[in-house]
Amino acid sequence: MSSKYDHRSIEEKWQKYWEENHFFKVSEDTDKPKYYDLEMFPYPSGNLHMGHVRNYAIGDVVARFKSMNGYNVLHPMGWDAFGLPAENAAIKNATHPAVWTNANIENMKQQLKTMGISYDWDRELATCKPDYYKFTQWMFVKLYENGLAYKKKSAVNWCPSCQTVLANEQVVDGACERCEAEVEKKQLEQWFFKITDYAQRLLDDLEKLPGWPEKVKTMQRNWIGRSEGCQFSMPIEGLDESMTVFTTRPDTVFGVTYMVLAPEHPLVEKISAGRPEESAVSKFVQGMKNITELARTATDAEKEGVFTGAYAVNPMNGERIPIWIANYVLMDYGTGAIMAVPAHDQRDFDFACKYDIPIRVVIKSEDSPADAKDMTEAYTGDGIMVNSEAFNGLEVQEGISSVIKYMEDNNIGSGTINFRLRDWLISRQRYWGAPIPVVYCEKCGIVCLTEDQLPVLLPEDVEFRPSGESPLNYVESFTRATCPDCGGEARRETDTMDTFVCSSWYFDRYCSPNEVDVPFSKEAVDYWMPVDQYIGGVEHAILHLMYARFFTKFLYDINMLSCEEPFTNLLTQGMVLKDSSKMSKSKGNVVSPEEIIRTYGADTARLFILFASPPERDLEWSDQGVEGAYRFLNRIWRLVREYARSIQDIKVPDTFENLNNDARDLRFKTHATIKKVTEDVGDRFNFNTAISAIMELSNTLTAYKDKEQPDLAVVKEALQTLLVLLSPFTPHICEELWHLCQNEGSVCQQKWPEYDPQALIQDEIEIVVQVMGKVRDHLRVPAEITEEELKNRALQLEKIKELTSGKQINKIIVVPRKLVNIVAK
RNA sequence: GCGGAUGUGGCGGAAUUGGCAGACGCACCAGACUUAGGAUCUGGCGCUGCGAGGCGUGGGGGUUCGAGUCCCUUCAUCCGCACCA
């Protein structure tokens, strides 16, 4: 072996060794507690980036640590392999999406392997493989059978330049992510999953996730957007129609002075038909269509509207209320219609002022003028109901429930809960996705396939032309189908599923990735699920994590799973930055993991990334920091090699006796480090401080080299401990040095060390001496000193005598084993 | 506008329960070794002051013997949501 730290040969050697000896292969084992450690699987874009490296380095420390602590660890990896980039590449380079994707997977897998992560590669999966997407389709079928998949016409994002429908996540600030053209809304028949049926459970069960960051839970709560209120109908004068509104403030219903419909509301045309206002109304509606969604919903957009000429009747008091249409009422929230109470809603107030609509105060409070004329803004706070007939005198809260009760008793309306969450649009007019397993039969209509008819295979021979429709439309062999019900001619659905569907259950599949008849075995998921630790970017806080939760609850409901939440603990890692901004090709600040690993090795890359910042926080890339990590590994290399021969035959005893002070100090440091690293990694995921503790131990060991008559047993214990503690972070170098010291077995299969409490007992400790809370001196005292004795020793210190002379000592505060504070005036 | 997070040396960061602010690392400075050093080792390194000392965790105020940590207030930056009825 060469004397230089040759990271390349060392890393290759041990990666091969681990693989050949199936080190990380796991199966269910009831003798051990299980631990399911999962990192979000990547999209196979072709190359690993630093964000991946960070994600998987964090996950690997957890996996290796848990494994050394006696857990049976499941740590799998796979590919979120369907999606638009493959199709774009196909159009651009004339390669088939499957070819492109498979090549990327191969390449990224090789890159991942050079990181030395402890994956059980036998469980690898790719969502684009028929043996996987068969079961993505199975999920669709089950949802359909349970009434949770349905088709409806809906407004979707349409890019006029790419001639295609875009996913919500591809619309950035109202424009197409690829070509920056402004996105339009288009009405299309689409498939949806009824996630709204689970809204309340998705909200409530956030309480059951103490291991999730508060931030993510808050984001999900906002996204679900539950609001309590009531829904009621107002008859429209002269028509056999009524308009339904949703409000959270039924207590202000006597303050309604106008009504508003969203411009897209189906009643608009009907109620303005034949009136003098008709042309103004249709002009306004037309104008709204030409304004982008973005401009329309901007907060600072001026409120605009027109009177429709129609009137509604307030069912509470029979009053005639004019009906307007206005830009500030949105069709896709609530009922698309509101009752407007300008006195107690700021938006209505602004609108009423602009169009000279009366304002009527119905909530009285000392904080607000009693006369509408004196109001400069709406009053939305608490108070007493006034001008509200029988309800006068009630507080807001009582008023809300009383009005709801009255409405329910009189068949006017009822209390309702409204969610902001919408159903999940899963149709995509794309080729590279899992086909929706449905056919359209002339006789039977929409027919969903049954599970024995799966998979619906993606045809391979497809021409990609950006036509605005799924390329599958032009594959006759695909579209021509027979109806499973009547055997007659049928046409196959050509839309594919959103890739988020594929990633909503992959963690279940890992538990038994080779099942052919079922998506996963019940025994396997009952053993492994839920995921104990899930790690990934915060950008998935809402979509992926919400969809995965929805799927898990659904699978629980149909008895496929025994858990209702998929991820017990969630760690959202920060971004990797360079020059304070996200690495990106356009900014030219990308650091290639491949290059870093080639130059410094995977151990250095991992060590730097884990040391530079705690995992949740953003990490600033530093080439000099990488150098520093590399230097540290070189120091460890030299340190261990220097001692390797001399400690070879030394036996580390179970108990140490009669150690001199230096040896005791070293042993103290060894065991203090075990304690610190165990707590930092196990309890808090503070890898940066764990590493710094190991560095301290290394520094102490280096300093110990100068001691006369070194105690080699203590040195050996320290060195071995250091290698074991460091191995989850930098496994290759630790494995190499472990064997160099002629140790048995593999370092990553060692039992995680426990600290010896005896070694942490100190005879003498240092006490801080303060006067008036300021540190003035230090004192070395026996650890078991009494408080009295400690006070006396402190008062006798020269410095303290000087500082307290001529002063009255009022109080002496003693914090055992820490400090003495003398309060003197 | 609402919600959340974060502010500590030249830089990344540490301080876990209210108890020595700046661990560990980077950069920098000095020295050793050396034909050489962008290798390695040793020492120094918050600001200020010759010194004793004083000041110091975005700003201001408070609680406490004692505050980076608790309370009030204010500013800045970042993230999420955004006319949600």
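Not measured: the values here are computed from a predicted model. Residue numbering restarts at 1 for every chain, and letters A, B, ... go by the order of the sequence lines.
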Among the candidates B/C84, B/A14, B/G53, find the nucleotide nearest to the side-chain atoms of A/K799. B/G53
Starting from P on B/A14, measure out to CD on A/E679 and report it in whole angstrom. 17 Å
Does A/E642 come within less than 4.0 Å of A/R638, counting only side-chain N to carboxylate O? no
Strictly by Watson-Crick or wobble contacts shorter than 3.5 Å, is anything paired with B/G1, and which nucleotide is it? B/C81
Of the listed B/A27, B/C55, B/C24, the closest approach to the A/K774 side chain comes from B/C55
Ring center gap for A/F685 and A/F687 short of 6.0 angstrom: yes
For B/A15 and B/U48, measure between their P atoms and round to the nearest Å. 28 Å
With respect to the phosphate group of B/G25, does any side-chain polar atom (N or O) of A/N699 fall under 4.0 Å of OP1 or OP2? yes
Given atom CZ of A/R635 and atom P of B/A39, what is their separation to the nearest angstrom? 12 Å
Give me the distance, rounded to whole Å, that separates B/G60 from B/G51 when you measure between the P atoms they each carry. 27 Å
Stacked cation flag A/K303 on A/Y328, 6.0 angstrom / 45 deg: yes
Would you mind telling me which of B/C24, B/G19, B/G4 lies closest to the side-chain atoms of A/K215? B/G4
How about A/W324 and A/F351: are their ring centres within less than 6.0 Å of each other? yes
Hey, can you pull the residues of residues 219-231 of chain A with a non-hydrogen atom under 4.0 angstrom from RNA chain B? A/M219, A/S227
Let's see if you can work this out: which of B/A14, B/A82, B/C20 has an atom nearest to the side-chain heavy atoms of A/V775? B/C20
A/N688 CG - B/A23 C1' separation (whole Å): 11 Å
Spacing between A/W621 atom CH2 and B/A27 atom P, to the nearest angstrom: 15 Å
Can you identify which nucleotide, out of B/A82, B/A85, B/G19, has its nearest atom closest to the A/L330 side chain? B/A85
In whole angstrom, give the distance that lies between atom NZ of A/K303 and atom P of B/A82. 16 Å
Taking any heavy-atom pair under 4.0 Å as a contact, classify A/K676: base, sugar-phosphate, or nothing. base
A/R347 side chain near B/G1 phosphate (N/O to OP1/OP2, under 4.0 Å): no
Donor/acceptor link under 3.5 angstrom from A/E214 side chain onto base of B/G4: no
Side chain of A/Y333 (C-beta onward), nearest among B/C26, B/C84, B/A21: B/C84
Could you give the distance separating B/G38 and B/U57 at their C1' atoms, to the nearest angstrom? 35 Å
In the strands shown, is B/G31 matched to any nucleotide by a Watson-Crick or G-U wobble pair with both distances under 3.5 Å, and which? B/C41
Span that lies between the P atom of B/G18 and that of B/G68, in whole angstrom: 13 Å
Can you check the distance between B/C81 and B/C70, where both ends of the measurement are the P atom (answer in whole Å)? 29 Å
Provide the Watson-Crick or G-U wobble partner of B/G53, both distances under 3.5 Å; none if there is no partner. B/U48
Which whole number of Å gives the distance between the P atom of B/U69 and that of B/G62? 14 Å
Under a 4.0 Å threshold between the charged nitrogen and the carboxylate oxygen, would A/K801 count as salt-bridged to A/E798? yes
Donor-acceptor contact present, side-chain A/D6 to main-chain A/R8, <3.5 Å: yes
For the residue pair A/E788 / A/N792, report whether a side-chain donor-acceptor contact shorter than 3.5 Å exists. no
With no hydrogens and no angle check, is any side-chain donor or acceptor of A/E228 less than 3.5 Å from a backbone partner on A/T248? no
Please give, in whole Å, the distance from B/C84 C1' to A/M339 CE? 15 Å
B/A14 OP1/OP2 closer than 4.0 Å to side-chain N/O of A/R684: no
I want to verify the glycosidic state of B/G80; is it syn or anti under the 90° rule? anti
Distance, rounded to the nearest Å, where A/M575 contributes CE and B/G12 contributes P: 16 Å
Take the angle between the ring planes of A/F608 and A/W621 and call it parallel below 30°, perpendicular above 60°, tilted in between. perpendicular
Phosphate contact (B/G19 OP1 or OP2) by A/N821 side-chain N/O below 4.0 Å: no
What nucleotide among B/U16, B/C26, B/C24 has an atom nearest to a side-chain atom of A/S692? B/C24
Starting at the 5' end of RNA chain B, which residue's closest nucleotide do you reach first, A/Q624 or A/N634? A/Q624
Once you apply a heavy-atom cut-off of 4.0 Å, does A/D348 come out as touching a base, just sugar-phosphate, or nothing? nothing
If you measure from CD1 on A/I674 to CG on A/L722, what distance do you get to the nearest 0.5 Å? 10.5 Å
Inspect the contact between A/R249 and A/D251 and indicate whether a charged nitrogen and a carboxylate oxygen are less than 4.0 angstrom apart. yes
Which nucleotide in B/G12, B/C20, B/C84 has an atom nearest any side-chain atom of A/E766: B/C20
Given that both distances must come in under 3.5 Å, which nucleotide forms a Watson-Crick or G-U wobble pair with B/G7? B/C75
From the set B/A14, B/G19, B/A85, return the single nucleotide nearest to any side-chain atom of A/Q770. B/G19
What nucleotide among B/G12, B/G13, B/C83 has an atom nearest to a side-chain atom of A/P614? B/G13
Nearest whole Å is fine: how far is B/A23 P from A/N686 CG? 17 Å
Side-chain N or O of A/S622 less than 4.0 angstrom from OP1 or OP2 on B/G12? no
Should B/U69 form a Watson-Crick or G-U wobble pair with both distances under 3.5 Å, which nucleotide is its partner? none
Mind checking A/V329 for me? I need base, sugar-phosphate or nothing, with any heavy atom below 4.0 Å counting as a touch. base
Give, ordered by number, those residues of residues 244-252 of chain A having at least one heavy-atom distance below 4.0 Å to an atom of RNA chain B; if nothing qualifies, reply none. A/F246, A/T247, A/T248
Distance-only polar pair, side chains of A/T604 and A/Y5, donor-acceptor under 3.5 Å: no
Side-chain donor or acceptor of A/K818 under 3.5 Å from a matching atom on the base of B/U17? no
If you measure from the Lys or Arg side-chain nitrogens to the Asp or Glu carboxylate oxygens, is any gap between A/K354 and A/E302 under 4.0 Å? yes
Taking the same atom, P, in B/U77 and in B/U63, what whole-Å distance lies between them? 32 Å
Could you check A/E620 against A/H778 and say which one's nearest nucleotide on RNA chain B is further toward the 5' end? A/E620
Flag for A/D423-A/T196: side-chain donor and acceptor within less than 3.5 Å: yes
Distance, P atom - from B/G54 to B/G58, rounded to whole angstrom: 22 Å
A/R617 vs B/G12: side-chain N/O to OP1/OP2 distance below 4.0 Å: no
